[in-house]
Student: 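Provided herewith is a single structure, encoded as structure tokens, for subsequent inquiry.
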Amino acid sequence: MISLATAAPTIGAAFVASSVEAVEAFTIVLAVSVVRGVRPAALGAVAALVLLALVVAVLGPLIAAIPVHGLQLVVGVLLLAFGLGWLRKAVLRAGGALALHDEAAAFEEETRALRGEAQAHASAADWLAGMAAFKAVLLEGTEVVFIVLAIGARPGLLGPAAIGAAAACALIFATGLFLRAPLARIPENSMKFVVGALLAGFGVFWCCEGMGAPWPGGDLAIAPLIAFYLVAGLLMAWAVRAMRTRTRTA
Amino acid sequence: MSVLRALASTIGKMFAADLWLTIGVVAIVALAAAALRANLAPPGSLPFLIAAAIAAALAVGVVRGARPKA
């Protein structure tokens, strides 16, 4: 039986990381429901969720059969590749080098594209709309599945990771359905910043565990590692902003 | 087919959105594992070296991304 103290960081990490993906998936599902109604949107989203749940149900036990050190090393490298990509993008956005992701604009664009497709293929409009919702949930959900499997890649932690992700998806979709609007007020870049640091922290920790050079303090080292990458990212964002200001004034 | 193509593209982008950053991560971990095997680095200091090297790789990725495109 896993204690709450062990499970809580995993649940929290999966919750925050999955929230970002859920917001992006919800925007497209909402666009589908606005253009073609709730039915194709719900059918597409539920079909993708069932497929993703099957992937977790199949891969989870398979992963548990892999020797733990090798698994931690591979998952650590994958988490680093994935997490640093997010952190780099979030730093560049915070520094002004990349445009911020605009959920309201994404919603408008998706709605326009769906209306265009519905006019061009009137007889298959519902099918196309359902496929759009299916694709959005499947693609964003693939990242959620990876996060769940990676963060939960330790005996007994897959369940807590899945609970964190499921809670995030349920909360985002429930909030969005209640508001009937894209969740544009959620500070997505700040969340991506935190998630990038979080995944980088977990990634470094597991690479070290996997190669047999464990951190002093064991699991307690994860929080300072996450804080280290968060502070490093903030300093880099500040440096990028300063660099851009200097370039503009020169 | 378009769903499968999009899925493959998503998985590719997940781990290699910035290919050089991914190559850097793999190289750092491989070098660290080799150093540990060859007893070139004490196991106690290796985690700190890896954490610092990963932060350096991120900094290089950020600098590359922040440079104005020619």
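The figures here come from the full heavy-atom set of this structure, side chains too, leaving out hydrogens, waters and symmetry mates.
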Student: What part of B:Ala17 gets within 4.5 angstrom of chain A, counting heavy atoms only: side chain, backbone, both, or neither?
Tutor: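 Neither part.
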Student: Using non-hydrogen atoms and a 4.5 Å limit, figure out which bit of A:Leu73 sits close to chain B: side chain, backbone, both or neither.
Tutor: side chain
Student: Relative to chain B, which segment of A:Val77 carries a heavy atom at a distance below 4.5 Å: side chain, backbone, both, or neither?
Tutor: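 It is both, since atoms from each part get that close.
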Student: At a heavy-atom separation under 4.5 Å, does A:Phe205 approach chain B through its side chain, its backbone, both, or neither?
Tutor: neither
Student: Looking at B:Val3, B:Leu58, B:Thr10, B:Ile28, which makes the most heavy-atom pairs under 4.5 Å with chain A?
Tutor: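 With the most close heavy-atom pairs to chain A, the winner is B:Leu58.
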Student: Taking the side chain as every heavy atom from C-beta outward, state whether B:Ile50 and A:Cys208 have any pair of such atoms under 4.5 Å apart.
Tutor: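 In contact.
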Student: Contact part of A:Leu92 toward chain B, heavy-atom cut-off under 4.5 Å: side chain, backbone, both or neither?
Tutor: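 Only the side chain of A:Leu92 comes within 4.5 Å of chain B.
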Student: Go through B:Leu46, B:Val29, B:Thr22, B:Ile11 and name the one with the most non-hydrogen pairs under 4.5 angstrom from chain A.
Tutor: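 With the most close heavy-atom pairs to chain A, the winner is B:Val29.
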Student: Please look at B:Ala57 and chain A and tell me whether the side chain, the backbone, both or neither of the residue comes under 4.5 angstrom of a heavy atom of that chain.
Tutor: neither
Student: In terms of heavy-atom proximity below 4.5 Å to chain A, should B:Leu7 be classed as side chain, backbone, both, or neither?
Tutor: both
Student: Under 4.5 Å heavy-atom distance to chain B, tell me which part of A:Leu78 shows up: side chain, backbone, both or neither.
Tutor: both
Student: Sort A:Tyr229 into side chain, backbone, both or neither according to what part of it lies under 4.5 angstrom from a heavy atom of chain B.
Tutor: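 Side chain of A:Tyr229 only, per the 4.5 Å heavy-atom cut-off to chain B.
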Student: Name the region of A:Ala81, side chain, backbone, both or neither, that has any atom closer than 4.5 Å to a heavy atom of chain B.
Tutor: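 For A:Ala81, heavy atoms of backbone and side chain both lie under 4.5 Å from chain B.
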Student: Going from CG on B:Leu21 to CZ on A:Arg88, what distance comes out if it is rounded to the nearest 0.5 angstrom?
Tutor: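 If we round to the nearest 0.5 Å, B:Leu21:CG and A:Arg88:CZ are 7.0 Å apart.
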